[in-house]
> 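Questions regarding the structure given below will be posed in turn.
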Amino acid sequence: MAVSEKTKPAAEGAAARPAKVNILQAINAAMADAMAADDSVLVLGEDVADPEEGGVCGVTRGLSSRFGDHRVRSTPISEQAIIGAAIGASLVGFRPVAEIMLMNFTTVAMDMIVNHAAKLRFMSGGQTHVPIVIRTMTGTGFASGGQHCDYLEAWFAHTAGLKVVAPSSPRDAYGLMRSAIEDPDPVLFIENLPTYWLADEAPESGYRVPIGKANVLAEGSDVTIIAYARMIQEAAPAIARLAEAGISAELIDLRSIAPWDRAAVLASVAKTGRAMIVHEAVTPFGVGAEIAATLNEELFGRLKAPVKRLGGAFCPVPFSKPLETAFAPQTEDIFAAACALVSA
Amino acid sequence: MAVSEKTKPAAEGAAARPAKVNILQAINAAMADAMAADDSVLVLGEDVADPEEGGVCGVTRGLSSRFGDHRVRSTPISEQAIIGAAIGASLVGFRPVAEIMLMNFTTVAMDMIVNHAAKLRFMSGGQTHVPIVIRTMTGTGFASGGQHCDYLEAWFAHTAGLKVVAPSSPRDAYGLMRSAIEDPDPVLFIENLPTYWLADEAPESGYRVPIGKANVLAEGSDVTIIAYARMIQEAAPAIARLAEAGISAELIDLRSIAPWDRAAVLASVAKTGRAMIVHEAVTPFGVGAEIAATLNEELFGRLKAPVKRLGGAFCPVPFSKPLETAFAPQTEDIFAAACALVSA
Amino acid sequence: MSVGNLDPTAAEQLDMYRRMALIKANDERSRKVIMSGRLVMPYYSPRGQDVIPSAVSVNLTDDDYICTIYRGTHDMLAKGFPLKDMWAEVAGRTTGTCKGKGGPMHLTCPEKGVMVTTGIVGSSMPIANGIAWGSQLKGDGRVTVAYFGDAAANIGAFHESLNLAAVWKLPVVFVCQNNEWGEHTAYEKTSNVRVADRAAAYGMPGERVDGNDPFAVYAAARRAVARARAGDGPSLIEAMTYRFHGHVFGDQDAYMDKARKADAMANDPVLRFRARLVESGIAGEDELAAIEAAIEAAIDEAVDYALASPFPDVAELKRDVFAEELA
Amino acid sequence: MSVGNLDPTAAEQLDMYRRMALIKANDERSRKVIMSGRLVMPYYSPRGQDVIPSAVSVNLTDDDYICTIYRGTHDMLAKGFPLKDMWAEVAGRTTGTCKGKGGPMHLTCPEKGVMVTTGIVGSSMPIANGIAWGSQLKGDGRVTVAYFGDAAANIGAFHESLNLAAVWKLPVVFVCQNNEWGEHTAYEKTSNVRVADRAAAYGMPGERVDGNDPFAVYAAARRAVARARAGDGPSLIEAMTYRFHGHVFGDQDAYMDKARKADAMANDPVLRFRARLVESGIAGEDELAAIEAAIEAAIDEAVDYALASPFPDVAELKRDVFAEELA
Ligand SMILES: Cc1ncc(C[n+]2csc(CCOP(=O)(O)OP(=O)(O)O)c2C)c(N)n1
Ligand SMILES: Cc1ncc(C[n+]2csc(CCOP(=O)(O)OP(=O)(O)O)c2C)c(N)n1
Ligand SMILES: [Mg+2]
Ligand SMILES: [Mg+2]
C-alpha cells in the first residue's frame, strides 16, 4: 500500500456532502449512512478504526469515532477470524461489513467465504443466512507486484451463494454499498485502488444501485464494450476515439458480476451484433468467458463478429513499470480491438 | 470419507502389476514407480503413511513402508503447512507430491497454492521454480454434502502458473501422475472419489500421458462431447444411446484442463460443427465457459448450433440423494442435450 | 468471580445421564440403521465422547449457542436438537431440519442454539467468535460453545480464533474433545503439546479434564460458562476421551490399538455414570430403565417418521441458494 | 549441546557492524531516491531493525537459507544479497535479480540463500519449513531462518508452521522482528501474549531479546542456529525493536506516538553499536569511516548501475510463467 500520502479525510461526508466526492469518500459515506440508519451494521477489519487511521487508505475513517469502537473494530491480522466473526455476527442479526485489505488476501480466508458464508443458507435449508459484505481492494497501477493486484472475481462468481459487485464511479460505489449492506446474502464488494481518488458527481444520501443491474454509459450501434471497475476508465476514452473514427460504440458498465445483467447485455449486443468484454483479470477462464459463452448461446447466428475478450496477460502481475502497464488492457488496446471487430 | 470399507491394498502394484487395476491402484503405482526412479520424489499429507493406512482410501498405501517414512510423511491437519513444506522442499531440489485430502480443503491453502506455488518462478525471474504435485480428490456420489464434493478446477485454471489435470481411467491416471511429477511446474492432480475403484486395462510401467493432450475416446461426425473425470462415465453410455438414435457423437476426454488441448478440441468441432462441454462443477464461470468462448472465437460462423454447456446445478452440493443425483449431469441429460443440439 | 458449588445437583446428574443415555442409544441405533442399509450417509460416531457435551450442556440454556462439527450428533442432542428433525435430515427428507439439503455434516437448529455444523476441520471456531461478538454487542448474556477435535488444534483457524476471542474478551467456551485421533493419525504424532496448554499462548485459561468424568467436565464447563457470562472472556477446555469406533462408519480402524480400544469400551463412561447414579441413590434402577425405554421409544418414532417422510423435490436445488429463488 | 562462547569475537563485531551500516546507509539512500522521484516502488523501511539480521547472519553462511517479507531488505543485505542486483530489481530493470518482474516485495537470490520474499503476512514460515525439510532429508546441515513481524504471529500460517517444525524437528529458526506495529495497529491491541511465549505452545524454545542489542541477538541466534544444525529442532526468537518510519513510504505515521518514536530514533542502535566499537577499541573512528565510505561508494555504483540499466521487454510477460515460454 504505497498510497497513504494520497489519502484525504473522508467520512464526515455523510453529514455535509460536497457536490463532488471521490470513490473512497463515497464508500465511506455509504457505510456511514448505513450505520446511522441501522444499528445492526458493523465494520471490522485490519486498521479500520480511527486510532488506526480508519484503514490504510482511510475508507473507514471517522466511522469508529462516530459509531463507537464496539461497532467498528480493528482486528489482528487474522483473515479467517475476520470473516468468521462477520459470519457469526450475521447469524444472530447483525450486518457486518468485513474488510479483507487486498483481494489477494482472500486466499487465506477462502474456506470461510466459500464453504461457509456462501453455503450456510442452503445447507441449513434456509434456517440461517449470512447477510455480510466483504470489502476488498485490488488493481494494478501502483507497482505492487505479484501478490497485491490480482482480480479474482471469477472465482467468487463461480461460487453459488455469493454475489459480486465492482463499482467504477462514486455514485455506483455508494449505491451498491447501500444495496450490498441491505442484501440478505453475502456480497463481495470489490474496490479498485488506483481509482479511489477519482472524483465525480456525489450521490444523494440514500441512493441505491440494485445488485444485478448494469449501466449503459454510452449508447452506440456498431459494437458493445462490456467492462467494469477501472477498465471503464480505459474504455471511455476509447469510445471517444472510436467516434472520431466513425465507429459508434456502446459502453456497458457491468457493475455487478454475479449476478450479471444478462438482459441489458443481450439487448445491447442484439442491437450492435458485436461485443467485447474487458477486464483486468487474466483472460483464460475469466469473467469474459462466461459472458462470451452466454452471448454465443443466446445470440447464435445473430453476431456479426466473434465476441472479443480483452483481459490481463496470462502471468502474475509484474512489478517493472513497462510490464505492469502492458499487463492490463489499455485504451489503445480497446480501440484497436473494437476497430478490428467492426472491420471483421 | 464414508468409503474406507471399499479400500483394497494397492501399492505393491509397482512390483507385480495385474492386467487390470483400478484408478486408485494406478495412482499408487505411478507414485511408487516415480519414487523408485527418483530419490527426490516425496509424498506428504494427512494419513499418507502406512501407520495411518496410506490415506483414507489407501491411495498412498505401501509407499512409506517401501521408501521410508522420511520420504513419505503423514502430517498434522495443517494444509498451509503441507503446501508450504512441499513448496520449500521443491525449491531445494525435491519433487514433493502433496495431498490435500479433498478439493474443498484447498480453500485453507489457497495462499500457498496461488500466491506462492504458482508465482514464485515468475516473481523470481526464473531463479526458482516449484515442481510440486498437489493431489486432491472430490466428486458427488457419496452423500457427503456441501463441503466435500466441489469441483473447483476453474479457479486453478484461471491462475497463471498452475497446471491442472483430471484423469478418468487407470491408464491416464498413471500416465498423468508420472508426467505431473516430472513437470518443472506445479500441477494440481484432481482425483474423482466415486470412480477410484473403476478397474480397467493396466498401464505398462513407465507409461506417460503428456500434460495438455486430450484423448478422443470415440470418433463421431455429428457432435463433439467434451468432458473429463467422472463425466466420462456418464458420457460414454450416452454415446452408445446416441448411436442407436442414429447420432454419431465424438467423445473427447480433456484429461488436462490447464493447459487444455485447443488443437484437438478445435479439430473435432471443426469436423462435427456441434459441441457440448460436460463437467460436474457448476456451469456459470466454469471450465465450459472458456471452451465455449474459445470455440466461438475460433470457429465463428462454422458452428451448426450454439455450444452447449452442461454442468452442476448452481447451488452447493445437496445431501439428499435425489437432489445429489440431480445436481450433476447424467447420461440422460447428455443424451437429451446432444439430441437437441443435432436437431437444432 | 465465584461460580458457587462446582458439583452437579442430583437433578443435574440425572439430567446429564438423560442426555448421555440418549447419545448412546442414538449412536447405537444409527449404526444399526446404516448397517441395515436403510440409511446411507457418512456417519462419524461420537461414542466414547458422550459425557462431554452432556456435562457441558447442563450449564447452558436453549438461548446459548453451539457450533459443532461433522462428529457432532452428541453435541446437538445434548443441546436439545429434536430427534425427529435430526433423523429426517440425515435421511435426506424434506421434513429434516435442513429439508434434507444439509445432511449429517451440516445439521442446524437455531431454536436450540445449534447454529453451525461444519465439515471443515477448525471452522467451528471462527464462526463461534462472531456469534459471541453478537452477544457481547447485545449484552444478552448468552454463551457460545465451539466444539472441535484434538487434531483441529493444529490448524490455523484454531490459532486465529482463540487469539481474537481472547483479545476481544468474547463469551466463548472452546471445548476440544480429545479422542486421541484425527482420522487415522494419533494426536501425539502431530503435536508435542497438550491442547489445553496452548491456552497460555492467548492469555486465556486452559484446563485439561477427564472427558469421561461427568463431574470433572461439569466443573470445568461451569467455571468457563460463568466466566463467559460474566463478560470475563473465553476459556479453553480439553476433555480427554477416546473414540470407540473408526473415524467414519466403515473405517475398519486397524490402525487403532486393540487393547487400548477394548479397555476404553470396557470402561464405557455412560455405563460407569449410570452405575454411580444407582450406587449414590440418585436414581433407582427402574427409574433409569424407564428413561432408557422412553429414549428408545422416541428414537423408534423418529426413525419411523424419518423413513416415512418424502424426499425433497429437485426444485429445491433452486431454493436457499439466495433469499430469492433462482429462475 | 554446547554452543561455546556466546559473545561475538572482535572480528564478528566488526562484521555485524559492516552489515548494519550497509542496511542503514541503504535505507537512507532508498528513501532519498524515492523522495527524489527517480524510483517509484512500495518501500517498507527496515530502519530501527538493522541490528537483528546483522547479528543473526554472522551465525550463518551463504549455504544457509532465509525466507523473508516485504520489509526485508535488511534481512537480505545482512545475508549478502548483492547491492547492484537489488537496486536493479527495485528499479524494475532487466538486470535486476528477478529481471524486474518481482520487485521490492519479491527479491530473490538463491546464491546467497535468499529463497523467498513474500508480500503475504505469515507466508515466509510454511515455505521455510519445506526448505529445512529438504536440508533434513539431505543431511546437509544447513539452517533456514524465517523472518516475520509481530503481527504475523496472529495469523494461521504461524501456528501451522511452528507446530509442524516442532513435530518434524526441522532445522529452522523463526525470527520475529517485533517492531510494535502491524501497519497502523499496535501489537498490544492484537495479542495478550508475548510472541516468544507462544513457543511453549509447540514445545520449542522461545526467547525474547532486545533486538537493538547486537550481543543479545547474537547469543540467541547462535544458540538457535547451533540447535538447528545439531538436528535438535527449531527455535523461536522474538527480537524487540521499533519501526523508525511509517509502515510504508508515504505513510504519515500520525498514529505513532511521537515521543516514543523520537526516543527510539535518538537511541539509534546502529550508532550506539558504532560508538561501542570505538570505545572498546575494536575499531578506530577512521576504520569505521572507511567502511562507511566504501558502503556509500558501493551504493552509488549500485544506484547508477540500476538507473542506467534497460527495462525488460514486454515479451517477458510470456516468460517464467512456466518453464516453457508461452506462445
Ligand atoms: C481443513 C480440513 N482438512 C482435512 C479434513 C479431513 N478430515 C475430516 S475429519 C479429520 C480429522 C479431525 O480430527 P479431530 O479434529 O481430532 O476431530 P475428530 O474427528 O477426532 O472428532 C480430517 C483430517 C477436513 N474435514 N478439513
Ligand atoms: C494475509 C495478509 N493480510 C494483510 C496484509 C496487509 N499487510 C501488509 S504488512 C501488514 C502488517 C504486518 O505487520 P508485521 O507482521 O508486524 O510486520 P511489519 O510490517 O511490522 O514488519 C499487513 C496487515 C498482508 N500483506 N497479508
Ligand atoms: Mg480427534
Ligand atoms: Mg510489526
Side-chain angles (χ1 to χ4, degrees), chain B residues 1-7 45-58 61 69 73-82 101-102 104-105 107-109 111-112 141-149 282 284 312-328, chain C residues 34 39-44 70 89-94 96 98-106 118-123 149-157 182-187 189-191 246-255 311-314 316-322 326:
Chain B
M1 290 302 323
V3 296
S4 314
E5 69 272 24
K6 291 212 182 65
T7 308
E46 292 152 14
D47 299 326
V48 298
D50 288 335
E52 292 77 42
E53 299 201 319
V56 285
C57 297
R61 188 160 303 161
D69 52 20
R73 301 204 73 157
S74 290
T75 66
I77 304 178
S78 309
E79 281 77 7
Q80 295 185 75
I82 290 168
M101 195 176 291
L102 290 179
N104 281 85
F105 313 153
T107 54
V108 291
D111 166 56
M112 280 294 130
F142 279 140
S144 299
Q147 295 179 330
H148 280 51
C149 309
V282 300
F314 193 55
C315 62
V317 175
F319 164 72
S320 184
K321 197 67 205 166
L323 298 186
E324 187 192 26
T325 306
F327 172 87
Chain C
I34 295 168
L39 271 193
V40 177
M41 61 159 151
Y43 181 67
Y44 305 85
Y70 49 89
E89 184 59 29
V90 300
R93 311 307 168 109
T94 178
C98 307
K99 303 184 199 165
K101 294 163 127 176
M105 282 200 258
H106 306 299
T118 184
I120 308 296
V121 166
S123 296
D150 46 288
N154 293 328
I155 201 163
E183 287 200 342
H184 303 182
T185 304
Y187 179 71
K189 280 196 185 182
T190 65
S191 166
H247 169 63
V248 66
F249 188 89
D251 167 352
Q252 302 309 312
D253 63 50
Y255 51 90
F311 282 100
D313 185 279
V314 293
E316 283 299 329
L317 293 175
K318 296 182 175 305
R319 302 193 187 117
D320 304 317
V321 179
F322 296 102
L326 290 168

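Quick note on labels: first sequence line is chain A, next is B, and so on, each numbered from 1.
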> Please answer whether the main-chain N or O of I155(C) pairs with a side-chain N or O of S78(B) as donor and acceptor at a distance below 3.5 Å.
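Not a single qualifying donor-acceptor pair exists.
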> Looking only at non-hydrogen atoms, find the nearest pair between E89(C) and F319(B) and report the distance.
O-CE2, 3.5 Å
> Can you confirm whether the side chains of T185(C) and D47(B) place a donor and an acceptor under 3.5 Å from each other?
yes
> Which atoms form the tightest heavy-atom contact between P322(B) and P312(C), and what is the distance?
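P322(B) and P312(C) have their closest heavy atoms at CG-O, 4.4 Å.
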> Among the options F311(C), Y187(C), F322(C), pick out the one with the most heavy-atom pairs lying under 4.5 Å from chain B.
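Top count of heavy-atom pairs under 4.5 Å with chain B: F311(C).
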> K189(C) and P51(B): which non-hydrogen atoms are nearest, and at how many Å?
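For K189(C) and P51(B), the tightest heavy-atom pair comes out as NZ-CB, 3.3 Å.
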> What do the steps show when you test M105(C) against Q147(B) for side chain to side chain contact (heavy atoms under 4.5 Å, CB included), and what is the final call?
CA-CA 9 Å; M105(C) 282 200 258; Q147(B) 295 179 330; 6.0 Å; no
> How far apart are the closest heavy atoms of L323(B) and V314(C), and which atoms are they?
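Nearest pair, atom of L323(B) first, then V314(C): CD2-CA, 3.6 Å.
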> In Å, rounded to the nearest 0.5 Å, how long is the span from NZ of K321(B) to CG of L39(C)?
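Separation between the atoms: 13.0 Å.
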> I need the residue from A153(C), P104(C), A157(C) with the largest number of non-hydrogen atom pairs under 4.5 Å to chain B.
P104(C)
> Could you state the interatomic distance from OH (Y255(C)) to CG (D50(B)), rounded to the nearest 0.5 Å?
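One gets 14.5 Å once the value is rounded to the nearest 0.5 Å.
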> Could I get the full list of side chain to side chain donor-acceptor pair (under 3.5 Å) partners for K318(C), not counting sequence neighbours?
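Result, side chain to side chain donor-acceptor pair (under 3.5 Å) vs K318(C): none returned.
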> Could you report the tightest heavy-atom contact between V40(C) and A143(B), atom names first, then the distance?
O-CB, 4.3 Å
> Go through the atoms of A313(B) and report whether side chain, backbone, both or neither lie under 4.5 Å from a heavy atom of chain C.
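Side chain only.
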> With rounding to the nearest 0.5 Å, note down the distance linking OH in Y70(C) to OG in S144(B).
13.5 Å
> Supply the atom-to-atom distance I77(B) CD1 to I120(C) CD1, rounded to the nearest 0.5 angstrom.
11.5 Å
> Check whether any side-chain heavy atom of M101(B) sits under 4.5 Å from a side-chain heavy atom of E183(C), and report yes or no.
yes
> At what distance, to the nearest 0.5 angstrom, does SG of C315(B) lie from CD of E316(C)?
10.5 Å
> Of the non-hydrogen atoms in T75(B) and T190(C), which two are nearest, and what is the gap between them?
O-CG2, 4.3 Å
> Against chain B, work out which of T118(C), L317(C), V321(C), T94(C) has the most heavy-atom pairs shorter than 4.5 Å and name it.
L317(C)
> Which atoms of D313(C) come close to chain B, meaning under 4.5 Å heavy atom to heavy atom: side chain ones, backbone ones, both, or neither?
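For D313(C), backbone heavy atoms alone lie under 4.5 Å from chain B.
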